[in-house]
Student: 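Just passing along the structure, written as structure tokens.
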Amino acid sequence: MQNADYDHREIERFWQKNWQSRQAYKVENDTSKPKYYALDMFPYPSGAGLHVGHPLGYIASDIVSRYKRAKGFNVLHPMGFDAFGLPAEQYAIQTGKHPAETTAENIVRYRQQLDRIGFSYDWSREVRTCDPTYYKWTQWIFCQLFEHWYNANADRAEHIDNLIAIFENEGNVNVQHRGSDVVRFTASEWLEYTKPEKEAILQNYRLAFQAETTVNWCEALGTVLANEEVKDGVSERGGHPVIKKNMKQWFLRITAYADRLLDGLDKIDWADSIKEIQRNWIGKSKGAGIRFEVADSDLSLEVFTTRPDTLYGSTFMVIAPEHEYVQELLSYEQREEAEAYIEQAVNRSERDRMSDVKKVTGCFTGSYCLHPFSGEKLPIYIADYVLGGYGTGAIMAVPAHDSRDHAFAKHFDLSILQVIDNAEIANVQAASFDAKEGIMINSDWMNGMQVPEAISEMITELERREIGNGEINYKLRDAGFGRQRYWGEPFPVLFKDEIPKILPTSELPLTLPDVSSYKPTGDGESPLAAVQDWVQTEQGLRETDTMPGWAGSSWYFIRYMDPQNREELAAEAAIKYWGQVDLYIGGAEHATGHLLYARFWTKFLHDLGIVPFDEPFAKLINQGMIQGSIENICLRKEKLNDVPHFKSYDLIVKDKEQDLYTKLPVLIDLVQDYGKETSYMDRLGILKFLENREDFNDATFETTLGTMDKEGIADLEDGASFRMETLTETGKMSKRWGNVVNPDDVCKQYGADTLRMYEMFLGPLEDAKPWNTQGIDGVYRFLRKVWKHYVDENGDIRVSDDKPSAKSVKSINQCIKKITSDIDSYSFNTAVSSFMICLSELQDEKCSNREVLENFLRILSPFAPHITEELWSKLGHEDSILDATWPSWDESVLVESTKVYPISINGKTRTQLELPLDMDKAEIEKIVMANDVVQKWLDGKAPKKVIVIPGRIVNVVM
RNA sequence: GCGGGUGUGGUGGAAUUGGUAGACACGCUAGAUUUAGGAUCUAGUGCCGCAAGGCGUGAAGGUUCGAGUCCUUUCACCCGCACCA
């Protein structure tokens with residue numbers, strides 16, 4: 001077929017079929033080549049399909065993959081689906097359709113969309129988290145977590161049998177673990193315990209364990225809700241009341257790995273912002289635990305403080321409303337008032353608490369505790385600024401050196417005692433001084449010490465007197481691992497007499513049974529609880545919770561290495577060969593979820609000796625969100641003449657009536673020039689809008705043509721200048737705004753190569769940017785120019801063996817160098833510019849030299865694989881361009897002999913002079929001083945100084 | 001409040017890391033070509049000014065021969081955490 005025009009549809013269809021039929025992207029494990037592992041965060045296959053924002057990262061990783069392949073690497077570039085999840089389950093509840101069916105259908109659509117963009121995925125390695133051959137291993141990892149505990153001495157997970165052996169020999173007196181607090185027992189005591197007692201103790205050690213926790217229970221929906229599903233104390237769907245309910249749930253002991261998760265951040269190449277988010281999330285703080293005796297009582301209160309140095313400045317004590325000793329501490333006189341306070345504080349949602357941070361609230365308990373050093377009586381208060389879930393739920397308040405304590409002290413008129421002196425302090429009665437700098441005062445034996453010294457001395461003293469210890473606290477909490485849902489991995493657990501026992505590996509996978517209804521049972525259990533013949537087994541009762549969405553995604557990158565393995569999650573050799581993910585691209589929204597859990601599981605699998613690395617993703621890039629335009633038509637808040645009234649946005653601005661109108665998002669299909677300031681709806685747009693909005697049938701529309709109703713608009717001539725201007729905003733692409741741009745449509749109109757290059761051209765990968773189709777023409781034009789440069793009007797390839805001009809040679813070498821370094825630094829937008837520059841230079845030179853043109857195709861092919869493959873074959877190549885090697889550049893042709901020097905006077909460029917690069921400073925200065933323009937600016941005066949930086953610039957200072 | 005990030009033409013964005021600000025592209029203007037075009041080509045396009053020239057990277061200072069880039073202060077927006085002891 002000879003085609004003179006660039007027919008992207010034909011070319012892309014042909015090569016996509018070709019690549020598929022000859023398995024061009026299949027990757028083998030057994031190879032002597034060096035490996036490269038490029039991974040995309042796999043998507044959840046939603047019913048909405050892909051929009052143009054999704055492929056952004058996929059395109060970038062695809063470019064890198066193709067580039068690395070050309071560079072001689074064996075590249076693992078797989079794709080799969082995070083296929084368990086709530087949307088399919090919700091859909092099932094509504095329609096009765098099995099989530100597996102919906103999910104499979106959505107995956108088919110995703111696959112079509114992905115294929116249309118021409119990615120180099122090895123689909124033979126696809127994984128789906130909902131596939132039993134996959135989740136067999138998710139369940140297996142859970143079993144391992146259940147069978148292991150964290151030995152703090154060895155700083156790694158160890159098998160629970162080792163722990164039991166220790167218990168049998170010496171009890172737990174010498175065991176250092178990372179887990180819940182456990183009562184100390186001896187070997188003989190251990191042997192005396194009953195089986196349930198032993199298991200209850202082991203639960204404090206296991207990395208997968210059960211614990212009581214509060215969940216968001218919605219009686220009306222008969223189900224447990226995620227935090228995101230609860231808004232202002234009511235369910236997001238339906239607005240039903242939600243209460244806190246206690247429930248036994250599975251947890252994973254991620255806190256055991258807190259330190260390693262923190263330290264590991266220093267070893268990986270991730271954006272600082274993500275690392276910082278994870279550091280904050282882990283929230284490690286060093287300080288001391290201090291015990292305060294309660295006056296006239298046997299009780300003592302444990303506090304955690306990061307500032308043990310300020311102990312002498314502590315003038316009162318504050319406990320959280322949910323503190324375990326609250327009731328015991330209430331005096332007769334204070335009981336009524338305090339209980340009322342606790343009642344309202346506990347019922348306040350976190351959001352409510354957040355909204356009035358400034359307000360100081362609290363209540364005196366009537367009890368006092370004793371200062372451990374001075375013996376002074378300190379009043380104990382209850383206040384909700386102390387959180388039950390952090391530290392010990394109690395603090396020693398130091399109003400002089402903590403701003404929150406200061407505000408509280410002011411409000412309740414408590415004394416404020418300064419214990420740190422610092423030149424910056426004006427008056428601690430007026431404001432606290434929180435910084436850890438200064439010299440101790442009013443602190444007995446610590447007086448005169450610097451703060452850091454005082455902190456460590458105080459800890460030593462606390463430990464000597466046995467009233468406290470140096471302690472480390474984390475914000476990180478253990479991860480809830482159970483969901484009362486159907487569409488997730490079943491737990492491979494059987495309960496006999498309430499004791500959980502995991503299934504042997506030979507019985508995995510434990511598959512999901514069919515259910516007649518996907519609705520929750522109504523008493524808080526998952527739909528699985530209704531399947532009694534599944535739940536009841538001879539060995540005991542099955543767990544009816546399922547695992548959360550992040551279970552399957554925490555280790556999928558390992559499965560890609562050996563996806564069909566039936567014996568293990570992946571063969572040792574495969575894991576050893578592929579190793580860490582070299583490049584991982586995905587959204588930043590997973591900062592504290594997936595990215596933290598995957599690191600946790602990797603470290604655990606590392607402890608088990610299954611993976612040789614202990615960080616999964618060596619390099620992480622977070623692609624920015626591609627935003628859409630949201631177009632709003634402006635509706636008057638109050639009806640006008642008893643009917644809804646819309647007004648063109650330009651007129652609202654003109655009349656300064658913004659306050660009178662609200663915005664109503666409309667489908668962008670109905671809007672002309674959408675995304676632009678001048679976006680508007682024409683008469684047909686308005687009429688289409690009204691078709692779906694019968695509630696506005698009698699509405700009136702005010703434009704420059706005056707005010708008219710539906711009939712009036714319908715009667716207008718086709719070409720009438722009816723313009724209902726819309727208000728344009730930028731925001732997330734979503735169905736809701738009707739602003740989703742489908743990559744299929746772009747591929748249809750411009751082709752996949754244009755889409756790929758345009759998404760890269762849009763800006764730096766990591767930046768958020770609005771999708772705007774206006775700029776796409778430039779990229780499309782570029783590819784058409786490429787085509788026309790290679791193919792003449794008759795469809796014949798335009799190539800020769802004529803010697804290329806020096807300019808062409810320099811241009812292509814420059815381009816090879818630039819593209820190579822741009823890909824190496826993930827700067828894809830500047831790479832696209834470089835192609836454009838190079839092509840126009842080759843056009844100027846009318847370059848048809850085979851070597852130059854072939855090199856241009858080689859470096860362009862990762863970006864635009866279809867057109868380059870087509871031209872490559874037109875150039876007579878039998879082999880695919882996929883297997884062409886990456887060209888190198890000849891540095892010698894890039895060396896310049898002259899430089900156009902910018903000549904500036906006082907730092908302002910005034911003229912330019914082309915001078916040899918090897919000319920020395922003195923010579924340059926001489927020539928510059930003789931220059932007319934320079935002389936004109938000097939105006940007869942002698943310059944104060946002449947700066948000559950050879951190869952860069954000349955600056956004449958007057 | 002704390003932490004991280006970003007501010008450059010009408011627009012998306014470049015700038016070899018302290019050395020000609022605005023590459024490349026969109027848009028716009030003019031012209032050519034075409035029956036026509038949302039096609040193609042050529043030229044122009046930061047702002048003010050007829051010009052000489054002046055101004056110009058959110059704002060204000062500073063360091064420097066020279067600052068988009070470094071320092072100080074400040075403003076705006078985005079993201080994360082949110083009374084974390």
Side-chain angles (χ1 to χ4, degrees), chain A residues 271-281 283-285 287-288 303-308 310 314 318 320 350-351 353-361 383-387 389-398 401-405 407-408 434 473-475 588-589 591-592 622 624-625 675-677 757-758 761-764 766-782 784-785 788 818 821 827 829-837 840 900-912 943-949 951-958:
Chain A
D272 285 338
S273 62
I274 293 272
K275 289 193 192 182
E276 210 45 45
I277 288 169
Q278 291 209 347
R279 282 194 193 102
N280 288 339
W281 191 261
K284 181 176 183 170
S285 51
V303 303
F304 175 71
T305 177
T306 53
R307 298 295 303 275
T310 62
S314 177
V318 189
E350 278 194 22
R351 253 161 241 271
R353 281 199 191 184
M354 264 155 61
S355 54
D356 56 9
V357 170
K358 298 280 179 297
K359 212 167 112 193
V360 177
T361 66
D384 65 5
Y385 81 91
V386 174
L387 306 176
Y390 182 77
T392 60
I395 62 156
M396 60 175 216
V398 184
H401 303 290
D402 182 288
S403 48
R404 289 154 312 169
D405 295 346
F408 194 84
D434 294 13
N473 245 289
Y474 300 90
K475 280 195 262 179
E589 66 273 21
T592 53
N622 299 110
M625 191 174 55
K676 285 199 204 173
E677 223 173 286
M757 290 195 86
Y758 182 56
F761 190 53
L762 231 37
E766 279 135 306
D767 292 1
K769 52 228 150 195
W771 178 261
N772 202 326
T773 14
Q774 286 166 47
I776 203 168
D777 288 316
V779 171
Y780 187 50
R781 268 176 216 151
F782 163 74
R784 277 201 315 240
K785 278 188 207 165
K788 280 167 77 176
K818 175 83 169 124
S821 76
S827 177
N829 54 329
T830 52
V832 177
S833 300
S834 304
F835 284 124
M836 291 171 170
I837 293 167
S840 78
V900 178
Y901 279 90
I903 311 299
S904 41
I905 315 288
N906 287 336
K908 284 266 171 203
T909 307
R910 295 300 176 184
T911 187
Q912 298 183 334
K944 272 191 199 146
K945 208 181 196 181
V946 180
I947 315 266
V948 178
I949 314 287
R952 287 208 188 264
I953 200 166
V954 178
N955 190 13
V956 179
V957 187
M958 292 172 65

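Lettering of chains follows the sequences in order, A, B, ..., and the numbering in each one begins at 1.
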Student: In Watson-Crick or G-U wobble terms, both distances under 3.5 Å, what is the partner of B:U72?
Tutor: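 Check on B:U72: paired to B:A60, both distances under 3.5 Å.
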Student: Need one value for A:N955: base, sugar-phosphate or nothing, where a base atom within 4.0 Å counts as base even if backbone is also close, heavy atoms only.
Tutor: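 Contact class for A:N955: base.
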Student: Kindly label the base of B:G9 as syn or anti, based on whether its glycosidic torsion lies within 90° of 0.
Tutor: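 Syn, which is what one calls it when the glycosidic angle falls within 90° of 0.
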Student: For RNA chain B, whose closest nucleotide is more 5', that of A:E276 or that of A:T392?
Tutor: A:E276
Student: Are there any protein N/O atoms within less than 3.5 Å of an N/O atom in nucleotides 39-45 of chain B, and if so, which ones and at what distance?
Tutor:
| residue | atom | partner | partner atom | Å |
| --- | --- | --- | --- | --- |
| B:A39 | O3' | A:R784 | NH2 | 3.4 |
| B:U40 | OP1 | A:R784 | NH2 | 2.2 |

Student: Whole angstrom is fine here: how far is it from CD1 in A:I949 over to P in B:G19?
Tutor: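 Between P of B:G19 and CD1 of A:I949: 11 Å.
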Student: Go through the structure and list residues passing side chain to side chain donor-acceptor pair (under 3.5 Å) with A:S827, not counting sequence neighbours.
Tutor: A:T830
Student: In whole Å, what separates the P atom of B:U69 from that of B:G58?
Tutor: 8 Å
Student: Heavy-atom nearest nucleotide on RNA chain B for A:S834 versus A:Q912: which residue maps closer to 5'?
Tutor: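 Checking each residue's closest nucleotide, the 5'-ward one belongs to A:Q912.
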Student: Provide, to the nearest angstrom, the distance between the CD1 atom belonging to A:I947 and the C1' atom belonging to B:C65.
Tutor: 4 Å
Student: Determine whether a donor-acceptor pair (one donor, one acceptor, N or O, separation below 3.5 Å) exists between the side chain of A:N280 and the base of B:C81.
Tutor: no
Student: Once you apply the 3.5 Å cut-off to both distances, tell me the Watson-Crick or G-U wobble partner of B:G38, or none.
Tutor: none
Student: Taking atom P in both B:A21 and B:C55, compute the distance separating them and give it to the nearest angstrom.
Tutor: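 About 13 Å, rounded to a whole number of Å.
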Student: Distance between the C1' atoms of B:G27 and B:G13, in whole angstroms?
Tutor: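 The same atom, C1', in both gives a distance of 14 Å.
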Student: What integer distance in Å separates A:K475:NZ from B:C83:C1'?
Tutor: 12 Å
Student: Tell which nucleotide pairs with B:A14, taking only Watson-Crick or G-U wobble pairs whose two distances are both under 3.5 angstrom.
Tutor: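 None - no nucleotide pairs with B:A14, as no candidate has both distances under 3.5 Å.
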Student: Say you pick atom C1' in B:G9 and the same atom in B:C26; how far apart are they, in whole Å?
Tutor: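 Nearest-Å result for B:G9 against B:C26 at atom C1': 13 Å.
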Student: When the distance from CZ of A:R279 to P of B:C2 is rounded to whole Å, what number comes out?
Tutor: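 Going from CZ in A:R279 over to P in B:C2 covers 20 Å.
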Student: In whole Å, what is the span from the CD1 atom of A:I274 to the P atom of B:G80?
Tutor: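 Result: 10 Å.
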Student: With a 4.5 Å cut-off on side-chain heavy atoms, are A:I395 and A:Y385 touching?
Tutor: yes
Student: Can you tell me how far P in B:G10 sits from the matching atom in B:U57, rounded to whole Å?
Tutor: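 Rounded to whole Å, the distance is 13 Å.
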Student: Which whole number of Å gives the distance between the C1' atom of B:A82 and that of B:U74?
Tutor: 25 Å
Student: For A:V956, report the nucleic acid contact type (base, sugar-phosphate, nothing); a contact means any heavy atom under 4.0 Å.
Tutor: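 No contact.
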Student: Just jot down the ring pair (Phe, Tyr, Trp, His ring centres under 6.0 Å) partners of A:F835, sequence neighbours excluded, or say none.
Tutor: A:F856, A:F863
Student: Listing time: all N or O pairs from protein to nucleotides 11-13 of chain B that are below 3.5 Å?
Tutor:
| residue | atom | partner | partner atom | Å |
| --- | --- | --- | --- | --- |
| B:G12 | O2' | A:L762 | O | 2.6 |
| B:G13 | O3' | A:N829 | ND2 | 3.3 |

Student: With rounding to the closest Å, how many angstrom separate the C1' atoms on B:G4 and B:A85?
Tutor: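 B:G4 and B:A85 have their C1' atoms separated by 23 Å.
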Student: Can you tell me the distance, in whole Å, between the CD1 atom of A:I953 and the P atom of B:U69?
Tutor: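 Distance, rounded to whole Å: 16 Å.
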Student: Might you point out which heavy atoms bring A:N622 and A:E766 nearest each other, and give the distance in Å?
Tutor: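 Closest approach of A:N622 to A:E766: O-CG, 3.1 Å.
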Student: Strictly by Watson-Crick or wobble contacts shorter than 3.5 Å, is anything paired with B:G3, and which nucleotide is it?
Tutor: B:C79
Student: I need the minimum non-hydrogen distance between A:R952 and A:Y901, along with the two atoms involved.
Tutor: N-CE2, 3.7 Å
Student: Name all residues meeting the side chain to side chain donor-acceptor pair (under 3.5 Å) criterion together with A:Y390; count only those two or more places apart in sequence or in a different chain, and write none if there are none.
Tutor: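 Result, side chain to side chain donor-acceptor pair (under 3.5 Å) vs A:Y390: A:S285.
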Student: Of all the choices, B:C24, B:C83, B:G56, which nucleotide is nearest to the side chain of A:Y385 once you look at every atom?
Tutor: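 For A:Y385, the side-chain atoms sit closest to B:C83.
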Student: Is B:A21 paired to anything, Watson-Crick or G-U wobble with both distances less than 3.5 Å, and if yes, which nucleotide?
Tutor: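 For B:A21, the partner nucleotide comes out as none, under the 3.5 Å rule.
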Student: Grab the CG-C1' distance between A:D434 and B:C83 for me, whole Å please.
Tutor: 12 Å
Student: Identify, with sequence neighbours excluded, every residue that meets side chain to side chain donor-acceptor pair (under 3.5 Å) alongside A:K785.
Tutor: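 With sequence neighbours excluded, A:K785 shows a side chain to side chain donor-acceptor pair (under 3.5 Å) to no residue whatsoever.
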Student: Show the nearest heavy-atom pair for residues A:G391 and A:F304, with the distance to one decimal.
Tutor: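 Scanning both residues, the minimum pair turns out to be CA-CB, 4.3 Å.
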Student: Among B:A23, B:G80, B:A85, which is the nearest nucleotide to the side chain of A:I837?
Tutor: B:A23
Student: Nearest heavy-atom pair of A:S314 and A:M396: which atoms, and what distance?
Tutor: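 That would be OG-CB, 3.5 Å.
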Student: Could you tell me the Watson-Crick or G-U partner of B:U45, where both distances fall under 3.5 Å? Say none if there is no partner.
Tutor: B:G27
Student: Pairing check on B:A51: which nucleotide meets the Watson-Crick or G-U wobble criteria with it, both distances under 3.5 Å?
Tutor: none
Student: Specify the glycosidic conformation (syn or anti) of B:U34, with syn defined as within 90° of 0.
Tutor: anti
Student: For the C1' atoms, the ones on B:C28 and on B:C78, what distance do you get once it is rounded to whole angstrom?
Tutor: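 Result for the C1' pair: 31 Å, nearest Å.
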Student: Say whether, by atom type as modelled, one donor and one acceptor occur between the side chain of A:N955 and the main chain of A:I947 under 3.5 angstrom.
Tutor: no
Student: Treating A:D405 as the side-chain partner and A:V398 as the backbone partner, does any N or O pair qualify as donor plus acceptor under 3.5 Å?
Tutor: yes
Student: If you check the A:R952 side chain, which of B:U17, B:A85, B:A23 turns out closest?
Tutor: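 Among B:U17, B:A85, B:A23, the one nearest the side chain of A:R952 is B:U17.
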Student: Could you tell me the separation between the CD atom of A:Q278 and the P atom of B:G80, rounded to a whole number of Å?
Tutor: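 Going from A:Q278 (CD) to B:G80 (P), I get 15 Å.
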Student: Check whether any side-chain heavy atom of A:N906 sits under 4.5 Å from a side-chain heavy atom of A:V957, and report yes or no.
Tutor: yes
Student: Does the structure show a Watson-Crick or G-U wobble partner for B:A67, both distances under 3.5 Å? Name it, or say none.
Tutor: none
